[in-house]
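Note that these values count all heavy atoms, side chains included, but never hydrogens, waters or copies made by symmetry. Chain identifiers are assigned alphabetically (A, B, ...) following the order of the sequence lines, protein sequences preceding nucleic acid strands; residue numbering begins at 1 within each chain.
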There are 2 protein chains.
Amino acid sequence: MSRKAQYNLDDVLSQSIDVFLEHGYHGAIMDEIIARTDFNRRGFYLEFGSKQTFLYTVLAHYQETQLNKIMHHLESNQGLPSIQAYFADYVKHVSGKGCLLINTITELGFDDEKVREVGRHYLDRLQIDFIGCLEKAASLKQITPNTNIESTALQLTSYVQGFAVNAVLAGDTDELELATQALLGPLAR
Amino acid sequence: MSRKAQYNLDDVLSQSIDVFLEHGYHGAIMDEIIARTDFNRRGFYLEFGSKQTFLYTVLAHYQETQLNKIMHHLESNQGLPSIQAYFADYVKHVSGKGCLLINTITELGFDDEKVREVGRHYLDRLQIDFIGCLEKAASLKQITPNTNIESTALQLTSYVQGFAVNAVLAGDTDELELATQALLGPLAR
DNA sequence: ACACTACCAGAACGTACGTTCTTTTTAGAT
DNA sequence: ATCTAAAAAGAACGTACGTTCTGGTAGTGT
């Protein structure tokens, strides 16, 4: 055996998230990706073969390490508090830079079926998780009894996307936090 | 005098909207823009000077001709029916390709203050229009009396963004129309 | 200590894209 | 009909970017 690579793949993927977030896919150039990761060009192409497949990998990593962590609140399923915790974390997460998955969908979704597929899968899962939490919340009598759970879940899912866009524009999180309260407040009984 | 340009600027701008919608800003290449508009390269650069300022012009044109037309429902201000008409039209408009303004915000917003500014202005206006309609709706007793108007307007504004993202993923309009009903139904008294 | 392996840094390559220039065509004025 | 000025078409240019290649280097095993 001989030398081992000195970059850690997970680190590289994490570092790349920001580059894509800031400039989008086409706007993120290899020079900056190389410079801001502890990566080298050769390693990059041996490992991934192309910028495109690299994006897919970063996207998967982003979901695993960031979005899933936030969604985990919903999957712990404590009812309404889980939803509140989810939104609190999500707002903090997207603040000032948005969501890589959403950005990728709007930039590449039209041309890239794989991106659309990943996006749909994510939204479906979000929707299902919201339903789970709302059902639990209903059974715990945390929300008003006549709440239409499926509709509400659909609304919450749409709302999350809206936040991701808003986050790019909003300077601070105040506005988004306010909006969240406005949203969840009326649900509670 | 002599020859007059045979392209019509409004037509060119309208035709370009689709190109940017499909591929984003960096993904839309000059060759395709030229090919799909009745424009010529020289005219393009005499008229706009660069791809970037062209985008700004297209964006302004997009707002004037498309978004404003849809927002006009809100500004006619018939209360709840105006909001319903707005969403119906908006869903139809973004279906399958999303919203150019939202796409531009997520692709370029981080780096481009001008884009952020245009985006904020648009969201503010949307929010204000929703407030106007909701107030009217309240005075006409079209919505449940204890509705918090500011909060609801903020929510509606977020939904609109969410729809723009969803529209890229959804094959047909059914899903989005369902979501709209789920959204507006509970408001009505 | 030495050799071997494969990693790192960055130069080099080729292509693709934004922009400019050249040629050709056309509409209007005389 | 002819001349002219400007517009259209697209060739040409330069640069920037994705990708590949090269030379030197640093671990690792003997």
May I have the distance from [X] (atom [atom1]) to [N] (atom [atom2]), rounded to whole angstrom?
X	N	atom1	atom2	value
B/Y7	C/dT26	OH	P	18 Å
B/H26	D/dG18	NE2	C1'	15 Å
B/N8	D/dA7	CG	P	15 Å
A/D31	D/dT15	CG	P	16 Å
B/I29	C/dT19	CD1	P	13 Å
B/M30	C/dT20	CE	P	11 Å
B/I34	C/dG18	CD1	P	10 Å

So does [Y] get a backbone contact from the side chain of [X], meaning a donor-acceptor N/O pair under 3.5 Å?
X	Y	answer
B/Q155	A/A182	yes
A/Y62	A/L100	yes
B/R116	B/G109	yes

Q: Kindly assign one of parallel, tilted or perpendicular to the pair A/Y86 and A/Y90, based on the angle between their ring planes and the thresholds 30° and 60°.
A: parallel
Q: Please figure out whether B/Q6 or B/A28 has its closest DNA chain C nucleotide nearer the 5' end.
A: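 It is B/A28 whose nearest nucleotide is closer to the 5' end.
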(Q) Looking at every non-hydrogen atom in both residues, tell me the closest pair between A/Q78 and A/L140 and how far apart they are. (A) O-CD1, 4.2 Å
Q: Considering non-hydrogen atoms only, spot the tightest contact between B/T144 and B/T147 and give its length.
A: O-OG1, 2.5 Å
Q: Pull out every residue in residues 35-52 of chain B that has a heavy atom closer than 4.0 Å to any atom of DNA chain C, ordered by number, or say none.
A: B/R41, B/R42, B/Y45, B/S50, B/K51
